[in-house]
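Note sheet for the following structure.
The figures that follow rest on heavy atoms only: side chains count, while hydrogens, waters and symmetry mates do not. Only a predicted model underlies this, so the values are computations on that prediction, with no experimental measurement involved. Lettering follows sequence order; numbering is per chain, from 1.
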Amino acid sequence: MKYWLMKSEPDEVGIDHLVADPATPVPWFGVRNYQARNFMRDQMQQGDLVLFYHSSCAEPGVAGVVRVASTAYPDATQFDAGSHYFDPKSTPAEPRWLNVDVLLVAKTRFLPLQAMREDPVLEGMQVLKRGNRLSITPVDPAHWAHIANLIGFKG
DNA sequence: GCCAACGTTGGC
DNA sequence: GCCAACGTTGGC
């Protein structure tokens with residue numbers, strides 16, 4: 001059982017999209033970075049807990065908790081020529097990109113990025129490192145426990 | 001809109 | 001295989 005942080009742009013899929021239909025698994029499509037893909041392929045397991053993070057928006061930060069609800073499988077958007085995520089170099093026989101599904105666990109108290117940066121306990125978190133662009137990062141258990149406490153998540 | 005960081009591409 | 005140019009991410 002591992003802990004993760006996954007970034008989503010709320011304009012595309014925000015925590016309220018999941019709240020609106022909480023029983024339906026949401027494919028985490030659109031990952032086009034090998035390191036992030038490999039995390040999903042090699043390390044994620046069903047049941048892993050994930051901090052749902054809003055990025056590229058007015059108020060970046062942790063907005064909720066989701067859990068991994070599938071193993072990794074080919075990302076359908078890579079084959080869709082009309083999709084922003086279309087990859088002409090990928091084929092169904094040898095799909096390059098994968099995604100997992102996630103399910104809402106809870107929308108929580110919002111934890112702004114700024115508060116995370118100012119918190120000495122969270123120093124060293126991968127997502128806070130300068131220049132970090134990875135959309136999926138592991139979260140170590142001590143950081144998870146602290147954040148869970150801050151957002152009022154009891155899991 | 002700016003800029004730092006860094007992954008990808010393509011010429012050689 | 002090197003590496004400069006380019007594109008993307010993402011906070012500000």
Side-chain angles (χ1 to χ4, degrees), chain A residues 2-20 26-44 48-68 70-102 104-140 142-144 146-153:
Chain A
K2 291 183 185 298
Y3 297 112
W4 304 94
L5 180 145
M6 293 164 79
K7 298 177 184 174
S8 185
E9 302 189 10
D11 289 347
E12 193 161 14
V13 181
I15 193 75
D16 289 331
H17 291 78
L18 278 68
V19 170
V26 176
W28 201 274
F29 61 84
V31 169
R32 294 294 180 270
N33 170 283
Y34 289 105
Q35 202 177 341
R37 180 204 66 182
N38 294 348
F39 280 142
M40 290 195 287
R41 185 189 63 190
D42 303 334
Q43 295 192 38
M44 273 191 186
D48 282 0
L49 288 172
V50 181
L51 297 170
F52 188 100
Y53 178 91
H54 285 174
S55 71
S56 288
C57 57
E59 267 201 301
V62 173
V65 175
V66 300
R67 67 180 161 84
V68 177
S70 77
T71 53
Y73 61 92
D75 178 340
T77 62
Q78 69 195 308
F79 306 124
D80 175 359
S83 168
H84 175 66
Y85 297 110
F86 178 60
D87 183 348
K89 292 178 179 170
S90 186
T91 64
E94 284 188 72
R96 180 179 293 196
W97 304 113
L98 306 173
N99 65 254
V100 297
D101 291 343
V102 301
L104 181 70
V105 175
K107 179 178 179 177
T108 62
R109 189 183 305 151
F110 186 74
L111 178 62
L113 173 62
Q114 189 182 345
M116 296 171 71
R117 290 201 186 287
E118 290 169 354
D119 191 328
V121 178
L122 299 182
E123 200 177 333
M125 255 190 102
Q126 198 166 341
V127 75
L128 301 180
K129 287 183 179 164
R130 184 177 183 78
N132 167 74
R133 297 187 308 164
L134 257 190
S135 61
I136 300 177
T137 50
V139 174
D140 73 50
H143 291 155
W144 177 277
H146 187 65
I147 291 173
N149 189 44
L150 291 174
I151 64 181
F153 176 72

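In summary, the side chains of A/D140 and A/Y3 do not present any donor paired with an acceptor at a separation below 3.5 Å, with no hydrogens or angles considered. For the residue pair A/H146 / A/N149, no side-chain donor-acceptor distance below 3.5 Å is found, with atom types taken as modelled. Side-chain contact, A/R32 with A/T77: a donor N or O sits under 3.5 Å from an acceptor N or O. There is no side-chain donor-acceptor pair under 3.5 Å between A/W28 and A/D101. Checked by atom type, the side-chain pair A/S90/A/Q78 shows a donor-acceptor distance below 3.5 Å.
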Distances for protein N/O vs nucleotides 4-7 of chain C N/O pairs under 3.5 angstrom?
| unit_1 | atom_1 | unit_2 | atom_2 | d |
| --- | --- | --- | --- | --- |
| C/dG7 | N2 | A/R133 | NH1 | 3.4 |

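With rounding to whole Å, A/K7 atom NZ is found 17 Å from C/dT8 atom P. In this structure, A/D11 atom CG and C/dG10 atom P are separated by 13 Å, rounded to whole Å. Put simply, CE on A/M116 is 11 Å from P on C/dG11, counting in whole angstrom units. Remark: P of C/dT8 and OH of A/Y85 are 12 Å apart, rounded to the nearest angstrom. The OH atom of A/Y53 sits 8 Å away from the C1' atom of C/dG10 (whole-angstrom rounding). Across the protein-nucleic acid pair, A/R117 atom CZ and C/dG10 atom P stand 12 Å apart, rounded to whole Å.
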Report the C-alpha separation of A/S135 and A/V31 in whole Å, then their side-chain angles, then the decisive distance to 0.1 Å, and conclude whether the side chain to side chain contact (heavy atoms under 4.5 Å, CB included) test is met.
-> CA-CA 8 Å; A/S135 61; A/V31 169; 4.2 Å; yes
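If you take CE on A/M125 and OG1 on A/T137, they are separated by 6.0 Å, rounding to the nearest 0.5 Å.
Listed in residue order, the members of residues 29-36 of chain A having a heavy atom less than 4.0 Å from DNA chain B are A/Y34. The stretch residues 120-131 of chain A comes close to DNA chain B through A/R130, A/G131, each having a heavy atom under 4.0 Å from the strand.
The neighbour count for A/Q114 CD, taken as heavy atoms of other residues, nucleotides or ligands under 6.0 Å away, does not exceed 12.
Comment: A/R37 does not engage A/D75 in a salt bridge, judged by the lack of any side-chain N to carboxylate O separation of less than 4.0 angstrom. The residues A/R96 and A/D87 are annotated as salt-bridged, a charged nitrogen and a carboxylate oxygen being separated by less than 4.0 angstrom.
Of the residues A/L18, A/L5, A/V65, A/V62, the one that meets the side-chain contact (heavy atoms from CB on, under 4.5 Å) test with A/F52 is A/L18.
Contact between the side-chain N/O atoms of A/K89 and the OP1/OP2 oxygens of B/dT9 is found at a separation under 4.0 Å.
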